Amino acid sequence: MPKGYWIGRVDVSDDAAYQKYIAANAAPFATFGARFLVRGGAFDAREGTSRTRNVVIEFPSLEAAQTCYDSDEYQAAKAFREPAAICDLIIIGGYDG
């Protein structure tokens with residue numbers, strides 16, 4: 001079964017509030033087997049638009065990635081992020097080629 005991924009691009013406007021989101025998302029990420037593959041760091045935007053932070057989070061499956069996002073725990077964490085950042089997020093299945 002292919003893994004699932006969250007690919008996020010974020011511009012943070014309130015770092016203190018965003019830190020609350022980071023603390024709150026740890027529990028649902030652990031529950032659903034999330035593992036950070038990319039979490040910030042230097043990047044080179046060669047084409048298109050970008051945001052200041054990038055993240056790639058791996059889940060055991062696409063279903064786990066979707067269920068994590070929809071969970072009450074993650075939605076509560078997301079409530080901290082929404083006023084503190086602009087986020088583009090996709091949930092995508094991995095290639096099992």
Side-chain angles (χ1 to χ4, degrees):
M1 170 185 302
K3 294 184 178 188
Y5 298 88
W6 287 13
I7 301 174
R9 304 176 325 126
V10 183
D11 285 332
V12 176
S13 58
D14 182 343
D15 195 54
Y18 194 77
Q19 292 304 313
K20 292 177 185 177
Y21 163 69
I22 290 172
N25 71 29
F29 286 170
T31 297
F32 292 97
R35 181 172 76 100
F36 283 90
L37 300 180
V38 174
R39 190 174 192 177
F43 66 94
D44 182 1
R46 295 288 175 110
E47 296 186 30
T49 60
S50 64
R51 296 203 181 273
T52 55
R53 294 184 186 198
N54 300 286
V55 62
V56 177
I57 305 170
E58 180 182 76
F59 290 83
S61 66
L62 178 59
E63 180 182 15
Q66 293 165 326
T67 303
C68 180
Y69 184 86
D70 294 335
S71 72
D72 291 340
E73 282 184 293
Y74 181 74
Q75 291 301 307
K78 187 179 114 179
F80 290 114
R81 187 196 74 216
E82 291 177 321
I86 297 170
C87 179
D88 301 321
L89 176 73
I90 66 165
I91 300 174
I92 190 168
Y95 177 66
D96 195 21

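Predicted model, so just to flag it, every value in this text is computed and none were measured.
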> How about Ile57 and Phe29: do any of their side-chain heavy atoms sit closer than 4.5 Å?
yes

> Gln75 and Asp70: which non-hydrogen atoms are nearest, and at how many Å?
CG-O, 4.1 Å

> Do Pro60 and Lys3 have side chains that approach each other closer than 4.5 Å (heavy atoms only, starting at C-beta)?
no

> Under 3.5 Å, which donor-acceptor pairs do the side chains of residues 32-48 form with other protein atoms, sequence neighbours left out?
| residue | atom | partner | partner atom | Å |
| --- | --- | --- | --- | --- |
| Arg35 | NE | Glu58 | OE1 | 3.2 |
| Arg35 | NH2 | Glu58 | OE1 | 3.0 |
| Asp44 | OD1 | Arg46 | NE | 3.3 |
| Asp44 | OD2 | Arg46 | NE | 2.5 |
| Asp44 | OD2 | Arg46 | NH2 | 2.8 |

> Consider only side-chain heavy atoms of I, L, V, M, F, W and Y, link residues closer than 4.5 Å, and tell whether Tyr69 and Ile92 are in one cluster.
no

> Are the side chains of Glu82 and Tyr21 in touch, meaning some heavy atoms are under 4.5 Å apart?
no

> Quick check: do Asp96 and Met1 have side-chain heavy atoms less than 4.5 Å from each other?
no

> Determine the interplanar angle of the Phe59 and Trp6 rings, folded into 0 to 90°, and report it as parallel if under 30°, tilted if 30 to 60°, perpendicular if over 60°.
tilted

> Taking the side chain as every heavy atom from C-beta outward, state whether Arg9 and Thr49 have any pair of such atoms under 4.5 Å apart.
yes

> Once side chain to side chain contact (heavy atoms under 4.5 Å, CB included) is applied, do any residues pair with Glu63, and if so which ones, sequence neighbours excluded?
Ser61, Thr67

> For the residue pair Asp11 and Thr52, what are the closest heavy atoms and their distance?
OD1-N, 2.7 Å

> Got a second to check how far Asn25's CG is from Phe80's CZ, nearest 0.5 Å?
11.0 Å

> Are side-chain heavy atoms of Ile91 and Leu62 found at a separation under 4.5 Å?
yes

> Only pairs under 3.5 Å count here: list side-chain donor-acceptor contacts from residues 12-20, not counting sequence neighbours, and write none if there are none.
| residue | atom | partner | partner atom | Å |
| --- | --- | --- | --- | --- |
| Ser13 | OG | Ala84 | O | 3.1 |
| Asp14 | OD1 | Ala16 | N | 3.3 |
| Asp14 | OD1 | Ala17 | N | 3.1 |
| Asp15 | OD1 | Arg53 | NH2 | 3.2 |

> How many angstroms lie between CD1 in Ile7 and CG in Leu89, if you round to the nearest 0.5 Å?
9.0 Å

